[in-house]
Amino acid sequence: MKKNIIMTLMMRKMIKMAHIYSEEVMKLFMNPKNMGEIENPSGLGKVGNPVCGDVMWIYIKVNDETDVIEDIKVKTFGCVAAIATSSKTTEKAKGKTLKEAYKITKKQVADDLGGLPKQKMHCSNLAVDALQRAIINYLEKNGRSIKDLEG
Amino acid sequence: MKKNIIMTLMMRKMIKMAHIYSEEVMKLFMNPKNMGEIENPSGLGKVGNPVCGDVMWIYIKVNDETDVIEDIKVKTFGCVAAIATSSKTTEKAKGKTLKEAYKITKKQVADDLGGLPKQKMHCSNLAVDALQRAIINYLEKNGRSIKDLEG
Amino acid sequence: MKVYFDNNASTRVDSAVIEAMMPYFTEIISPPSSDYGHSFGVEAKEALDSARETIAAKINVKPSEIIFTSGQAESNNFAVKGIAFANIGKERKTFLASNVSHSTVLDSLSALKKLGFIVKLIKVDSKGFIDRNHLRELLSDSNDTPLLVSVPHGNVEIGTVEDIKEIAYICHEYNVPLHVEATYSFCKVPFDASVVDLATITSHLIHGPKGVGALYIKKGLKIQKLIDGGLQENKKRGGTENLPSIVGFAKAVEIYSQEINERVAELRDYLWQTFEKKISDFQITGPTKTEKRLPNHFSVVISYVEGESILLHLDLLDFMIATGSACSSKQLKASHVLSAIGLPTEVSHGSVRIGLSKYNTKEEIDQFIEHLSSIIARLRAISPMNAEFMREWQDLKDQGAIIEEEHHHDINDAEDD
Amino acid sequence: MKVYFDNNASTRVDSAVIEAMMPYFTEIISPPSSDYGHSFGVEAKEALDSARETIAAKINVKPSEIIFTSGQAESNNFAVKGIAFANIGKERKTFLASNVSHSTVLDSLSALKKLGFIVKLIKVDSKGFIDRNHLRELLSDSNDTPLLVSVPHGNVEIGTVEDIKEIAYICHEYNVPLHVEATYSFCKVPFDASVVDLATITSHLIHGPKGVGALYIKKGLKIQKLIDGGLQENKKRGGTENLPSIVGFAKAVEIYSQEINERVAELRDYLWQTFEKKISDFQITGPTKTEKRLPNHFSVVISYVEGESILLHLDLLDFMIATGSACSSKQLKASHVLSAIGLPTEVSHGSVRIGLSKYNTKEEIDQFIEHLSSIIARLRAISPMNAEFMREWQDLKDQGAIIEEEHHHDINDAEDD
Ligand SMILES: Cc1ncc(COP(=O)(O)O)c(C=O)c1O
Ligand SMILES: Cc1ncc(COP(=O)(O)O)c(C=O)c1O
């Protein structure tokens, strides 16, 4: 009950902050999904540079038969947008085939988040980059090539 | 009674205005002495220039025997300081001999007024100038010279 | 009870304005620029945006074209110097300004002269309106295309309201941007700033707080910052935004209705009529047609008496008005506006001007006129001047017998201690 | 209940200050400059004089040396550009400024560079203190004698309090005037401005209103006006005086006692101790000796977490603090101060700074630290960074394997719509 009141107050404030960050960004920032790591992942993608202020590592667990991403986790250092895009990207990728997941674009992530401040658009790129690297890492480890996902 | 209250309020305000004009200046501005003209004056001194904003005409009535200024009147156009200095100068001159009156200085008038704002010092010059011209006018009309007052 | 008739100098802040400002003194403290930081900043940003919208809408421009400043002086300096510095080292060097422009414009231009800019003043007619022919002459005569024309919309001393659309049309014919000093007309006279390039507006003349104003800058106009540092105000004015005052400014704009203007204009007309009935020997300064004047403005020169003396007598009776008399200015110079409309100094000494507001009443006006006429009578009784004096004086002048000596010394350069 | 810990950005206006301002909103309306007019003006002038005296006394200078401005930005622009324009076309062209100077100083200097002036930045050490040797070097090395040195007294980001007497002594050895940016130290650290030549102070950081500040200008120093028009402010700043705010400013100065400083410093020390007890992996920015810091100031960089994320989490819990993280600035650049003290960008992302005030309490601090440590734990749990990561990163850097790409685009030039 008390927690609910606090949540309501927070939501009200989130709406205020929505000048800068959309409600969806704020929600995911507060409760990011798929955070953490996977032991012995099928693939790992590391992107970012601490100088720029955003570092993301995406871990994927892939079903070797179906190419489906059965589990995905992310570790993120960075600002609000970095955390939200990490969360959103992993949500979008989970349950998808590698081929489908590889097609997720930065714009889709930003759109699903209800937009991002224009100065912050670069952050939304990163999680998608990390996902793609993780997919490539998985393919390479399995002697496959990115071309397998084409056509 | 009511008039007294008004006077008290005015006095209080005058003290405020004393930042700019001394209490004595304000008093004389409100109740200037010796204002008006003398019909057939013994001497008349006109100074000032409407462009500069101060015009003073001083009328004197002189006792031909004693050289004493028995009456003096002034007409003044100008600012607060002009009115106050006119009043003060005539007060100082009244009852004095021409010789004494001729010695009245601008500084004395300003000092007697408790000082004048420095930008307004020129105004205090004028009344003394007008008095001197009135004296000279009297002397000239009577075939006398300013030298009569010397020594 | 004090009667305040000097509303062209400054106005009383409306209590609704003070109320609007209060939360920004004690609750929403953060500067709006810290909006990536915390929600205080966001609330501040919202208030800032909303104020900007209110003010932009009032003069029919885009919110992003409104740059908040510390008031009229900064806005006018910014407009003039900003255009100069954006063009320094280039061909164009000339500025045109009305010779009844505000001192903050004229002094800015004087400062620029020392840097090699050229300043030419546009004549006004006897009512204070820009001489269109002279303007065209200066626009086309100049060796270079002028960088800027600056004119007042409403004149603070003589109430003249200029037809800005017409002036803008002429300037733009010659591809010269127009700056309008709208301090005294803002909210009082309809103003579509979108037809001009720069416009100065301010808060403290419409029952808003002092220390805040704005410069409208048409999108795309090249202008240099006057106050550098930070990305505030669309990157055109550095520094922590004065949010309480900006909010107060917007509130003042919001509540300054056309109805107030009509009410005040009615009072002004009543003052005018009563004045004409009760006082003799005067001359209206500025337009005599009321529709060409600021709605709250009345100004005259009264013959044979001096303005400062009138003011002080009124003040002792708790009535506050203003004068353009040389004697009451620190520089001891007659108002440049009164000179510009061709009023001889000996006449402008009797200048008196009144700025009414919504807080004034007919009763105040009745009392005022009563006091004023007795003060004038008193001062005239002790004045050597009269119609005959002035005729003689005019004769002497016509004969060339008067040499205008300037015995007032200039105190401009001396510092106080 | 909101907890405001961002008192180096702006402060809550004291209710005594608001009360002091009130009569100047609604009763004493006339500008003080109209003091030849009426007694309203005289009352205004008295209030202005008295405010000036209060503020002058606080920094041990003459009242006539205090020029009221619209705040820090104007004062700093005025100081720097005023000296430049008073010397334009002359031999001397060089300005020296600390590389931790405020943006209003640095951006003013950048503007001057375009006009042919030369700007050299004085290095600071790792705690933010002016490198004396480098200062001497720049003072003697320059081809011309510099026109001005500008340094901050108290640093807003890292709390460093400079020894101004010592800096002044060095500058004056070389006959170069010194400008001190005392915005953040004013009333908090004793300051004898009479030993320097120019000093910026402001109101809104000491529980006074926004939109007002002052520039101390030593008598006799040649300086050009930034804002022309009128004889106000000892002929050094045109425009209607912002009297309500000036009176509020003086009131704020009057009530900002040494006792307040002691009380706030005690709170700060308590915050510091609690922080050290409850939080691991951080580094104090600025001096670690509290007597060398602003009494209300605490600043750190926290490892493996990013400042904006910390701020937002705190904000959702109604705690307001500040960060120097690149991510939270509109320019997406790390604070120039943190860079100047040699902090790598990857470290400065974790910057957090706190400015306390007399309105804060120990209870607030206790709650704050509790929240902060759980937020840090949460963020670290999802962060790929840790000690090992940073060691590897450092190795790569040492091997020259890291190319610092600047992918943040510069939004400085774009206008908003
Ligand atoms: C800040 C500043 N000071 C001074 C000047 C130069 O003019 P002056 O040197 O005559 O004041 C200008 C431009 O007019 C200016 O912008
Ligand atoms: C008013 C004003 N604008 C502009 C400038 C010139 O610099 P910039 O053209 O780079 O802004 C100055 C001086 O720096 C100035 O005083």
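What you see below is based on every heavy atom in this structure, not just the backbone, and it leaves out hydrogens, waters and symmetry mates. Note that the structure is predicted; figures quoted are calculated from it, not measured. Within every chain, numbering begins at 1; the chains are lettered A, B, ... in the order of the sequence lines, protein sequences first and strands thereafter.
- Here the shortest heavy-atom pairing between C/Glu306 and B/Phe77 reads N-CE1, 3.6 Å.
- Note that the CG atom of B/Asn34 and the CD1 atom of C/Ile382 stand 11.5 Å from one another [nearest 0.5 Å].
- Other residues, nucleotides and ligands contribute over 12 non-hydrogen atoms within 6.0 Å of the NZ atom of B/Lys141.
- C/His313 and B/Met30 make their closest contact through CE1-CA, 4.3 Å (heavy atoms, listed as atom of the first residue, atom of the second, distance).
- Counting heavy-atom neighbours within 6.0 Å of B/Lys96 NZ, excluding the residue itself, gives a total above 12.
- Residue B/Asn40 places its CG atom among 12 or fewer non-hydrogen atoms of other residues, nucleotides or ligands, all under 6.0 Å distant.
- The aromatic rings of C/Phe389 and B/Trp57 lie tilted to each other, with the angle between the two planes from 30° to 60°.
- Heavy atoms from other residues, nucleotides or ligands lying under 6.0 Å from CZ of B/Arg133 number 12 at most.
- For the pair C/Glu308 (side chain) and B/Val80 (backbone), a donor-acceptor distance under 3.5 Å is present.
- In terms of heavy-atom proximity, C/Ser309 sits nearest to B/Gly78 at OG-O, 2.7 Å.
- Other residues, nucleotides and ligands contribute at most 12 non-hydrogen atoms within 6.0 Å of the CD atom of C/Glu370.
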